[in-house]
There are 2 protein chains.
Amino acid sequence: MEENVASLLKKNGIKATPQRLAIYNILKNTKSHPSAETIYKGLSKQFPTMSLATVYKTLGLLSRIGLIQEINVGEDSFRYDANTAPHPHIVCLKCKRVDDVGGYDVPQSYDTIAKNTHYKILSHQLYFYGYCPECKKGE
Amino acid sequence: MEENVASLLKKNGIKATPQRLAIYNILKNTKSHPSAETIYKGLSKQFPTMSLATVYKTLGLLSRIGLIQEINVGEDSFRYDANTAPHPHIVCLKCKRVDDVGGYDVPQSYDTIAKNTHYKILSHQLYFYGYCPECKKGE
DNA sequence: ATATAAAAGATATTAATTATTCATTGATAA
DNA sequence: TTATCAATGAATAATTAATATCTTTTATAT
Ligand SMILES: [Mn+2]
Ligand SMILES: [Mn+2]
Ligand SMILES: [Zn+2]
Ligand SMILES: [Zn+2]
C-alpha cells in the first residue's frame with residue numbers, strides 16, 4: 001500500500017520523500033478528515049523540522065494527482081481525505097468534527113441532471129449538517 | 001414583497017435600512033448566486049458610499065434570521081441565495097457560475113442517516129461540479 | 001422635532017493559504 | 001558511488017475573505 005504510493009509518485013516523476021509518504025499515511029490511516037494544520041501538528045514529533053509550507057505543498061500535490069481529495073465543509077479551513085471516491089460527509093456544527101456517512105449517496109448517473117442543466121457533470125459533493133453524538137447531549 | 005421584508009426586519013428589532021433592503025432585493029431578483037463582492041459592486045452605482053463591511057454584516061444578518069441562505073461551493077468565497085429552501089446547486093469548474101438544479105434532491109427524511117451516524121441532522125447541501133453550457137464548448 | 005440606540009462607513013485586523021527566495025539536503029538514475 | 005535535479009526548511013511576504021473597531025450618520029419611537 002505504501003509501496004503503491006511511492007511508485008505512483010515516481011511514475012508521475014515526483015520524488016517519494018518521507019514527508020510526502022508520512023502525510024499520505026496519516027490520511028490513509030484516519031477517519032477524521034484532518035486539516036493541514038492538524039496534519040502538521042500530528043507530524044511534529046516524527047518530523048520536528050517539518051515545514052507547514054511543505055504540508056500545504058504536499059496536500060496540493062496529492063490532490064492534483066488524485067491520491068487524496070480536498071473537502072470543504074464551509075467553515076474555516078479545508079479538510080483532507082484519502083478516500084477519493086465520492087461519498088457524503090456529515091459535519092458537527094458545534095465541534096466541527098467531520099465524519100463519513102453510510103447508507104446514502106447520490107445516484108451515480110448524472111444523466112437526468114445533465115439533461116435539466118445542460119452542464120457536463122463530473123462530480124458531486126453531499127454534506128449533512130447537525131450535531132454529533134457528543135455535542136447533541138448538550139443540545 | 002419589499003414591504004414584507006421591511007416589516008419582518010422591524011419585527012425582529014432590526015432597522016430596515018435602504019442598504020439592507022437593496023441587498024435583499026438583489027438576491028431576490030437574481031438567479032446568479034452572487035458573492036459578497038459581486039453584490040458590493042452591483043450596488044456601487046446606487047450606493048456610492050456603501051461599505052463592503054456593510055454588505056458582509058447584512059448578509060450575515062439576513063442569513064441569521066432565515067431570509068437568505070449562504071452556500072459554499074468549495075472555491076473562493078461564499079455565495080448567497082434568497083431561496084432558503086434546500087435545493088441542489090451546480091458549479092462550473094471553469095467560469096465559477098452557479099446554477100440551480102431541477103429534478104433531483106436528497107430525500108428530506110434524515111432518519112436513515114441519523115440512525116447510521118448517530119448525529120442529529122438539521123440540514124444538507126448538495127453540489128454538482130462540471131462545465132456549464134458555455135464552457136463545455138471549449139471542452 | 002428630538003432623543004437614542006442601531007447601523008453605516010472607513011479603516012484596521014485576523015487568519016488560511018499561497019508564493020518567493022535561497023541555502024541545504026536527499027531521492028533517484030546511471 | 002556519484003552526480004543531478006528536485007524537494008525541504010526557513011523566513012518572509014503577498015493574497016484574500018471575512019471580522020472587528022471606532023466615529024459619524026440615521027431609522028425609529030416618542
Ligand atoms: Mn470521507
Ligand atoms: Mn439556488
Ligand atoms: Zn460535535
Ligand atoms: Zn462556465
Side-chain angles (χ1 to χ4, degrees), chain A residues 2-3 5-24 33-41 43-65 67-68 70-80 96 98, chain B residues 2-3 5-24 26 33-41 43-65 67-80 96 98:
Chain A
E2 191 170 322
E3 204 54 38
V5 176
S7 44
L8 201 148
L9 290 174
K10 289 178 201 167
K11 197 164 60 186
N12 286 55
I14 296 163
K15 289 184 180 168
T17 67
Q19 292 90 340
R20 284 170 176 167
L21 297 178
I23 289 169
Y24 178 77
H33 308 88
S35 67
E37 191 70 32
T38 305
I39 293 169
Y40 174 65
K41 284 175 186 157
L43 286 171
S44 61
K45 298 99 197 172
Q46 195 182 344
F47 293 89
T49 66
M50 166 85 72
S51 171
L52 186 56
T54 299
V55 176
Y56 275 109
K57 278 187 275 191
T58 299
L59 291 170
L61 179 81
L62 295 176
S63 296
R64 226 171 296 124
I65 63 178
L67 270 177
I68 64 172
E70 203 172 53
I71 61 185
N72 185 320
V73 298
E75 306 277 344
D76 45 58
S77 50
F78 287 104
R79 303 297 197 100
Y80 296 88
K96 311 297 181 188
V98 178
Chain B
E2 189 171 325
E3 204 53 40
V5 177
S7 44
L8 201 149
L9 290 175
K10 289 178 199 167
K11 195 164 62 185
N12 287 53
I14 296 164
K15 289 181 180 171
T17 66
Q19 292 90 339
R20 284 171 175 167
L21 297 178
I23 289 168
Y24 177 77
I26 280 204
H33 307 89
S35 67
E37 191 72 32
T38 305
I39 293 170
Y40 174 65
K41 284 175 186 157
L43 286 171
S44 62
K45 298 99 197 173
Q46 194 182 347
F47 293 88
T49 66
M50 166 86 72
S51 171
L52 186 56
T54 298
V55 176
Y56 275 108
K57 279 186 277 192
T58 299
L59 290 171
L61 179 81
L62 295 176
S63 296
R64 225 171 298 124
I65 64 178
L67 271 176
I68 65 172
Q69 70 167 313
E70 202 171 54
I71 62 186
N72 185 317
V73 297
E75 306 277 344
D76 46 55
S77 51
F78 286 103
R79 303 297 198 100
Y80 296 88
K96 312 294 180 187
V98 178

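These figures come from a predicted structure and were not determined experimentally. Numbers restart at 1 for each chain; the letters A, B, ... are given by sequence-line order, proteins then strands.
Closest of all the heavy-atom pairs between A/V5 and A/L67 is CG1-CD1, 3.9 Å.
Rounded to whole angstrom, the span from the CG atom of B/L52 across to the C1' atom of C/dT11 amounts to 12 Å. B/Q19 places its CD atom 11 Å from the P atom of C/dA7, with the value rounded to the nearest Å. Rounded to a whole Å, the OH atom of B/Y40 is 15 Å from the P atom of D/dA18. For A/L62 and D/dA7, the CG to C1' distance is 14 Å, given to the nearest whole Å. Between B/L9 atom CG and D/dA27 atom C1' there is a gap of 12 Å when expressed in whole angstrom units. The nearest whole Å value for the distance from the CG atom in B/L59 to the P atom in D/dA18 is 9 Å. To the nearest angstrom, C1' of D/dT19 lies 13 Å from CZ of B/F78. Here the C1' atom of nucleotide C/dA16 and the CG atom of A/N72 are 12 Å apart, to the nearest Å.
Nearest nucleotide to the side chain of A/I14, out of C/dA8, C/dT18, D/dA7: D/dA7. For A/A16, the listed nucleotide lying nearest its side chain is C/dT28; candidates were D/dT26, D/dT8, C/dT28. Of all nucleotides listed (C/dA7, D/dT8, C/dT17), C/dA7 comes nearest to the side chain of B/R20. Ranking C/dA10, D/dT28, D/dT8 by closeness to the B/A53 side chain, first place goes to C/dA10. In this structure, of D/dT8, D/dA18, C/dG9, it is D/dA18 that holds the atom nearest to the side chain of B/S77. Between C/dA27, D/dT28, C/dG9, one nucleotide has an atom nearer to the side chain of A/T17 than all others, and that is C/dA27. For A/K15, whose side chain is taken as the heavy atoms from C-beta onward, the closest listed nucleotide among D/dT8, D/dC5, C/dT17 is D/dC5.
The backbone N or O of B/I14 sits nowhere less than 3.5 Å from a side-chain atom of B/N12 that would complete a donor-acceptor pair. Proximity of a side-chain donor or acceptor of A/R79 to a complementary backbone N or O of A/H33 within less than 3.5 Å is detected. No donor-acceptor pair under 3.5 Å is formed between the side chain of B/R20 and the backbone N or O of B/T58.
Between B/T54 and C/dG9, a side-chain N or O to OP1/OP2 separation shorter than 4.0 Å is present. Between B/Y56 and D/dA18 there is a side-chain N or O to OP1 or OP2 distance below 4.0 Å. Of the side-chain N and O atoms in A/T49, one or more sit less than 4.0 angstrom from OP1 or OP2 of D/dG9.
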Evaluation steps, side chain to side chain donor-acceptor pair (under 3.5 Å), between B/E70 and B/Y80: CA-CA 5 Å; B/E70 202 171 54; B/Y80 296 88; 3.3 Å; yes
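A/P18 comes within contact range of the sugar-phosphate backbone alone, with a heavy-atom separation under 4.0 Å but no base atom that close.
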